S.K.: 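What follows is a single structure, and I will ask about it in a moment.
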Amino acid sequence: MENSWKMFEEFHIDEEMGFALPNPLVELPHPYDAWISIARNLPQLIEDGQLRAEVEKLATLSTDGLEGHKEQRLGHLALGYLTMAYVWGRGDGDIRKVLPSNIAIPYCQLSEKLGLPPILVYADCVLANWKKKDPSGPMTYENMDILFSFPGGDCGKGFFLISLLVEMAAASAIKVIPIIFKAVQCEDSETLQDALREIASCLKRALERFHQIHDYVDPNIFFNVLRIYLSGWKGNPSLPEGLLYEGVWDTPKQFAGGSAAQSSVFQCFDVLLGVQHAAGGASSVSAAEFLQEMRTYMPPAHRNFLRSLESGPSVREFVLSKGDASLRETYNKCVQAMVSLRKYHFQIVTKYILIPARRKSKEKGTSKGSSKSEDKGTGGTSLVDFLKTVRRTTEKTLLKEG
């Protein structure tokens with residue numbers, strides 16, 4: 001972590017994009033273009049009832065012909081879309097419990113090469129699923145698109161691109177981390193305070209981007225359509241044993257679906273600011289364990305980055321030891337920005353999951369409100385408990401006066 005250039009190189013962090021993959025590829029060479037062709041037409045193939053038949057016709061390909069990180073990431077993204085669509089079908093409860101060997105084998109091979117699980121993860125559908133419409137134009141929602149879609153019209157585009165824009169807003173703050181560590185080591189309070197101001201400002205910008213979700217994502221389509229295709233097979237009553245990857249493993253395997261907890265950006269600022277998720281009761285320990293587990297769904301370079309941060313000097317302890325009211329206030333602004341993001345995330349979950357879940361259970365005539373499975377995130381965890389716990393733990397990190 002001596003300098004930012006080493007950080008960007010070693011940990012696959014881009015100066016402009018942060019943890020997102022810069023300029024992802026949009027095409028794969030023959031014969032892998034067959035995957036892309038189906039992934040590009042998913043909504044239509046699903047609507048026509050042809051998706052599963054098309055997937056079953058695919059040849060079993062060796063992944064050795066996919067050269068370089070970007071080709072492998074695009075392959076993983078495409079196979080992730082194919083897998084979710086194959087398993088969940090039309091989203092009407094007709095579920096497949098076995099992934100055919102012709103995609104299970106290459107998907108698991110590619111996953112092993114990338115150090116990712118064989119399921120659609122946040123690093124796929126958000127971090128590697130974008131392109132500019134006009135390559136010379138700005139990185140704005142209007143000039144961006146996603147590579148592949150699920151049913152639900154532009155709901156997925158809105159959900160994935162707003163998540164990406166939130167990541168990008170926070171990217172400028174990542175650049176400041178080596179400066180922060182050096183300032184703590186050199187006991188340079190002034191430089192540290194400037195760097196912390198930059199982090200607070202970037203996190204505030206990230207929250208502003210997050211607000212745009214209402215403009216592009218319809219709660220009912222998200223809950224009743226898109227969310228089905230993002231669901232995993234861990235802690236999911238629809239696939240209690242998990243998914244059998246034919247030709248790879250003899251027994252079904254459980255993997256969590258993509259979730260915001262798989263974003264390295266918020267875990268990164270938790271570590272930097274000294275937010276201790278396990279420092280509470282049983283619910284805190286459970287939340288901390290879930291966040292640790294979600295790291296295994298991140299690209300290995302990003303996991304390594306989080307580990308390297310954990311071995312760095314403690315910013316919180318340094319601020320405490322200085323007893324400087326102005327420095328403490330600036331540090332608290334960073335923590336408060338994280339609290340604000342988490343509060344807002346809870347509001348989004350209420351609007352996009354909890355309220356539609358209650359409406360659905362009323363329609364079904366169940367009087368006990370939303371069922372347990374509806375309250376679960378795509379990552380398989382109890383949403384309300386988890387989000388309240390991480391927000392509370394973040395609030396406790398604020399430094400008191402005196």
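These numbers come from the heavy atoms of this one structure, side chains and all, not from hydrogens, waters or symmetry mates. The structure presented is a predicted model; accordingly, all values stated were derived computationally and were not measured.
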S.K.: Identify the heavy atoms of L61 and P106 that sit nearest to each other, and give their distance.
M.R.: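 Looks like O-CB, 3.4 Å.
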S.K.: For the pair K175 and D14, find out whether any cationic side-chain nitrogen is under 4.0 Å from an anionic carboxylate oxygen.
M.R.: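 So K175 does not pair with D14 through a salt bridge.
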S.K.: Would you say NZ of K113 has more than 12 non-hydrogen atoms from neighbouring residues, nucleotides or ligands within 6.0 angstrom?
M.R.: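 Counting other residues, nucleotides and ligands, NZ of K113 exceeds 12 neighbours.
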S.K.: Test your reading of the model: is there a side-chain donor-acceptor pair from N236 to the backbone of G232, 3.5 Å cut-off?
M.R.: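 Such a contact is found between N236 side chain and G232 backbone.
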S.K.: Look only at the side chain of D154 and the backbone of K157, and say whether a donor-acceptor pair between them is shorter than 3.5 Å.
M.R.: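 Absent.
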S.K.: So for atom NZ, which belongs to K132, do other residues, nucleotides or ligands contribute more than 12 heavy atoms lying within a distance under 6.0 Å?
M.R.: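 More than 12 within 6.0 Å, yes.
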S.K.: Looking at C155 and I221, what are the two nearest heavy atoms and their distance?
M.R.: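 Looking at all heavy atoms of both residues, the shortest contact is CB-CG2, 3.7 Å.
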S.K.: Looking at CG of L28 and OG of S37, how far apart are the two atoms once the value is rounded to the nearest 0.5 Å?
M.R.: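 L28 CG to S37 OG: 11.5 Å, rounded to 0.5 Å.
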S.K.: Return yes if some donor-acceptor pair links the side-chain N/O of S101 with the main-chain N/O of A104 below 3.5 Å, else return no.
M.R.: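 Absent.
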S.K.: How far does CZ of R96 sit from CG of L244, to the nearest 0.5 angstrom?
M.R.: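 Answer rounded to 0.5 Å: 14.0 Å.
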S.K.: What closest approach, in Å, do V390 and L291 show between heavy atoms, and which atom pair accounts for it?
M.R.: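 So the two residues come closest at CG1-CD1, 4.0 Å.
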S.K.: Tell me the closest heavy-atom pair linking R295 and V271, and the distance in Å.
M.R.: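 Answer, listing the atom of R295 first, then V271: NH2-CG2, 3.7 Å.
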S.K.: Within the side chain of Q262, is there an N or O that forms a donor-acceptor pair under 3.5 Å with the backbone of Y122?
M.R.: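 Looks like yes, one N/O pair under 3.5 Å.
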S.K.: Any idea which heavy atoms bring F266 and M338 closest together, and the distance?
M.R.: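 Taking every non-hydrogen atom into account, O-CE, 3.5 Å.
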S.K.: Going by atom types alone, do S263 and E167 pair a side-chain donor with an acceptor below 3.5 Å?
M.R.: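 Looking only at side-chain atoms, E167 and S263 do form a donor-acceptor pair, the distance falling under 3.5 Å.
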S.K.: Which class fits the ring pair Y352 and H214: parallel under 30°, tilted 30 to 60°, perpendicular over 60°?
M.R.: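 Correct class here is tilted.
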S.K.: T394 and side-chain hydrogen bond (donor to acceptor under 3.5 Å, both in side chains): which partner among R342, Q336, Q276?
M.R.: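 Filter result, single survivor: R342.
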S.K.: Are H76 and Y107 close enough that their ring centres sit under 6.0 Å apart?
M.R.: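 For H76 and Y107, the ring centres are under 6.0 Å apart.
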S.K.: Keeping the roles fixed (side chain from R90, backbone from E47), state whether a donor-acceptor pair exists under 3.5 Å.
M.R.: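 Checking the backbone N and O of E47 against the side chain of R90, a donor-acceptor pair under 3.5 Å is found.
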S.K.: Measure the NZ-NZ distance between K253 and K234 for me, rounded to the nearest 0.5 Å.
M.R.: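 Answer for the NZ-NZ pair, K253 versus K234, is 12.0 Å.
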S.K.: Do N129 and Y81 get their side chains close enough for a donor-acceptor pair, meaning under 3.5 Å?
M.R.: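 Present: a donor and an acceptor within the cut-off.
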S.K.: Considering all heavy atoms of both residues, which atom of Y297 and which atom of A256 are nearest to each other, and what is their separation?
M.R.: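 The pair with the smallest heavy-atom distance is OH-N, 2.8 Å.
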S.K.: Short question: side chain of N143, backbone of D134 - any donor-acceptor pair under 3.5 Å?
M.R.: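 It does hold such a pair.
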S.K.: Strictly by salt bridge (Lys or Arg N to Asp or Glu O under 4.0 Å), give each pair with a member in residues 187-197 just once, sequence neighbours left out.
M.R.: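 Matches after skipping sequence neighbours: E187-K322, D194-R197.
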S.K.: Is the NZ or CZ atom of R40 both under 6.0 Å from the centre of the six-membered ring of F148 and within 45° of that ring's axis?
M.R.: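 No cation-pi geometry.
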S.K.: Quick check: are there more than 12 heavy atoms from other residues, nucleotides or ligands sitting under 6.0 Å from CD of E56?
M.R.: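 Yes, CD of E56 has more than 12 neighbouring heavy atoms, counting only those of other groups under 6.0 Å.
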S.K.: For the pair K57 and E54, evaluate salt bridge (Lys or Arg N to Asp or Glu O under 4.0 Å) and give the outcome as yes or no after the intermediate values.
M.R.: CA-CA 5 Å; K57 280 185 214 162; E54 288 299 312; 2.9 Å; yes
S.K.: Quick one: does any side-chain atom of K70 pair with a main-chain N or O of P22 as donor and acceptor, under 3.5 Å?
M.R.: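 Confirmed, K70 side chain pairs with P22 backbone.
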S.K.: Between Y344 and H211, does the ring centre distance come in under 6.0 Å?
M.R.: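 Ring-ring flag for Y344/H211: true, centres closer than 6.0 Å.
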S.K.: Looking only at the side chains, is there a donor atom on one of Y32 and E27 sitting less than 3.5 Å from an acceptor on the other?
M.R.: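 Checked: Y32/E27 side chains show no N/O donor-acceptor pair below 3.5 Å.
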S.K.: Check step by step if ring-ring contact (aromatic ring centres under 6.0 Å, His included) holds for F222 and F159.
M.R.: CA-CA 8 Å; F222 175 80; F159 187 65; 4.8 Å; yes
S.K.: Does CD belonging to E241 count more than 12 external heavy atoms closer than 6.0 Å?
M.R.: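 For E241, atom CD is not crowded (no more than 12 foreign heavy atoms under 6.0 Å).
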S.K.: Does the side chain of S326 come under 3.5 Å of the side chain of Q193 through a donor N or O and an acceptor N or O?
M.R.: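 Short answer, yes.
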S.K.: For the atom pair CD1 (I355) and CZ (R358), what is the distance rounded to the nearest 0.5 Å?
M.R.: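 The CZ atom of R358 is 6.5 Å from CD1 of I355, to the nearest 0.5 Å.
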S.K.: Taking everything shown except K351 itself, do over 12 heavy atoms lie less than 6.0 Å from its NZ?
M.R.: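 More than 12 heavy atoms, drawn from other residues, nucleotides or ligands, come within 6.0 Å of this atom.
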S.K.: Do Y86 and P100 come within less than 4.5 Å of each other through their side chains, counting heavy atoms only?
M.R.: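 In short, these two side chains touch, coming nearer than 4.5 Å.
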S.K.: Quick one: does any side-chain atom of D145 pair with a main-chain N or O of K131 as donor and acceptor, under 3.5 Å?
M.R.: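 Side chain of D145 to backbone of K131, a donor-acceptor pair under 3.5 Å: no, none is there.
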S.K.: Between E71 (side chain only) and E67 (backbone N and O only), is there a donor and an acceptor less than 3.5 Å apart?
M.R.: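 Yes, E71 side chain to E67 backbone: donor-acceptor pair under 3.5 Å.
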S.K.: Using only atom types and a distance under 3.5 Å, with no angle test, would you say the side chain of T397 pairs donor to acceptor with the backbone of T393?
M.R.: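 Yes, T397 side chain to T393 backbone: donor-acceptor pair under 3.5 Å.
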